[in-house]
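Read through the structure below, which is laid out as structure tokens, and then see the notes.
Note that these values count all heavy atoms, side chains included, but never hydrogens, waters or copies made by symmetry. All values reported here derive from a predicted model rather than from experimental measurement.
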Amino acid sequence: MAELAYLHLVRAQVRAQAQYRLSFLLDAIGSTLFTTLDLVAIVVLFRVTRTLAGFGFREAFLIATLAGLGFSVSDLCAGNVERLRTYVRSGLLDAILVRPRGVLPQLMATDFTLRRVGQVVQGAVALALAIRLAHVRLTPAHLALLVLTPLCGAVFFGSLFVAGATVAFYWIDSGELANSFTYGGRTFTQYPMTVYGGLFRRVFAYGLGFAFVAYYPGLLLLDRRDPLGAPAWLGWSSPAVATLAVGLAVLAWRTGVRHYRSTGS
């Protein structure tokens, strides 16, 4: 019953946004073009250099598209959770809390943004192009990895969206802090980890898990050893990292909800 209620909420949002077709189409195109700029930046970068920290354009482009598709799916499904700070400030969160449904699923369904579907389509097309350019062998293991990596990336980034949103329970004007880990994390994962320096790489790539979103799976798909010396099996560690991220996000969310004492708390 709960699942049906959430589906009805999403369906209502889709119908409402599809009423003005031209506006919806322009929003979808604009959203898609905005995400395309990240990939264009990589193309432009390789116009002035043949390699980047030991990686060629085709290799770097594959890693970028793996990360980009995962982020696009998470942005579609969970990106609207960042509006939590607006709900806290206005008091609308109080109305959601008294409903006999989970708070988080309601937030995700109520502000579902259909125009972000264009980002997912663009991400899938870009990944297909990257696979062809990088001459990835479509073995059963590689096909499984091509499905698993974006899905785990979506779960990982979705957890970041949720964890970042919970900061609003303590500090309402927390948008830029949360964005530095979500949208900033997307940019971080789109480049090979060899680009980044020692301490920065240890904290963000390994400490926060960004290296496991696309870099290590990408190395497996490219049949390439890690220049940093890590074992090849790390390319299959994305599900474990995503599961850990979900656990931490759930803990942060439940703690934040318990902390909340209505508007002004």
Side-chain angles (χ1 to χ4, degrees), residues 29-75 116 118-139 142-143 145-154 156-157 160 179-206 208-230 232 234-235 238:
I29 293 173
S31 177
T32 302
L33 290 177
F34 181 77
T35 58
T36 304
L37 291 177
D38 289 326
L39 299 179
V40 171
I42 296 175
V43 175
V44 172
L45 182 62
F46 277 93
R47 294 281 293 179
V48 297
T49 181
R50 290 189 175 184
T51 61
L52 180 65
F55 286 78
F57 167 72
R58 296 178 180 183
E59 297 169 318
F61 192 68
L62 177 65
I63 292 172
T65 53
L66 283 171
L69 179 56
F71 183 86
S72 295
V73 174
S74 74
D75 197 25
R116 291 172 179 165
Q119 299 179 25
V120 177
V121 174
Q122 179 266 346
V125 171
L127 178 58
L129 176 61
I131 292 169
R132 184 175 180 84
L133 289 175
H135 305 295
V136 174
R137 295 183 301 110
L138 298 180
T139 63
H142 283 180
L143 287 172
L145 199 60
L146 285 169
V147 173
L148 195 62
T149 299
L151 290 178
C152 291
F156 179 85
F157 280 116
L160 284 183
N179 290 344
S180 66
F181 288 95
T182 51
Y183 296 96
R186 175 193 60 183
T187 302
F188 185 92
T189 55
Q190 287 182 323
Y191 293 91
M193 295 300 107
T194 50
V195 170
Y196 306 108
L199 179 61
F200 192 73
R201 184 170 61 228
R202 285 194 294 272
V203 172
F204 289 93
Y206 303 114
L208 296 181
F210 287 115
F212 307 98
V213 172
Y215 176 67
Y216 284 114
L219 290 179
L220 271 186
L221 291 169
L222 294 167
D223 294 319
R224 174 171 176 168
R225 292 183 177 180
D226 180 18
L228 301 173
L234 285 180
S238 297

Counting only pairs under 3.5 Å, give me each side-chain donor-acceptor contact of residues 62-75, with atom names and distances, residues two or more places apart or in other chains.
residue, atom, partner, partner atom, Å
T65, OG1, F61, O, 3.1
T65, OG1, L62, O, 2.9
S72, OG, G68, O, 2.9
S74, OG, F71, O, 2.8

### Message
So, using side-chain hydrogen bond (donor to acceptor under 3.5 Å, both in side chains) as the criterion, who are the partners of R225 when residues are at least two apart?
### Response
none

### Message
Keeping T189 on the side-chain end and R186 on the backbone end, is there a donor-acceptor pair under 3.5 Å?
### Response
yes

### Query
Would V43 and F57 count as a side chain to side chain contact (heavy atoms under 4.5 Å, CB included) if you check the C-alpha gap in whole Å, the side-chain angles of each, and the deciding distance to 0.1 Å?
CA-CA 8 Å; V43 175; F57 167 72; 3.9 Å; yes

#### Entry: Value rounded to 0.5 Å, distance of CG in L160 from CZ in F210
5.0 Å

### Nearest-0.5 Å distance, OG1 of residue T182 to CG of residue N179
4.5 Å

### Query
Who pairs with R137 by side-chain hydrogen bond (donor to acceptor under 3.5 Å, both in side chains), at least two apart in sequence or on another chain?
D223

#### Entry: Spacing of Q122 atom CD and L127 atom CG [to the nearest 0.5 Å]
10.5 Å

### Separation of F55 CZ from M193 CE (nearest 0.5 Å)
9.0 Å

### Query
Which pair of non-hydrogen atoms, one from Q190 and one from D38, has the smallest distance, and what is that distance?
OE1-CB, 3.6 Å

### Message
Give me each pair satisfying side-chain hydrogen bond (donor to acceptor under 3.5 Å, both in side chains) with a member in residues 191-205, each pair once, sequence neighbours excluded.
### Response
none

### Task
Compare all side-chain heavy atoms of I131 with those of L221 and state whether any distance is below 4.5 angstrom.
no

### Query
Can you find a heavy atom in the side chain of F181 that is under 4.5 Å from one in the side chain of F204?
yes

### Query
For the atom pair CG (L138) and CG (L146), what is the distance rounded to the nearest 0.5 Å?
7.0 Å

### Query
Are any of the side-chain heavy atoms of F156 and S238 separated by less than 4.5 Å?
no

### Task
Write out all pairs satisfying salt bridge (charged side-chain N to carboxylate O under 4.0 Å, His left out) with one or both partners inside residues 187-196, taking only residues at least two apart or from two chains.
none

### Task
Kindly state each residue pair satisfying side-chain hydrogen bond (donor to acceptor under 3.5 Å, both in side chains) with at least one member in residues 209-218, sequence neighbours excluded.
Y206-Y216, Y215-D226, Y216-D226

### Query
Less than 4.5 Å apart, any side-chain heavy atom of F157 and any of V213?
yes

### Query
How many angstroms lie between atom CD of E59 and atom CG of L219, to the nearest 0.5 angstrom?
8.5 Å

### Query
Side-chain contact, heavy-atom cut-off 4.5 Å: L220 with P217?
no

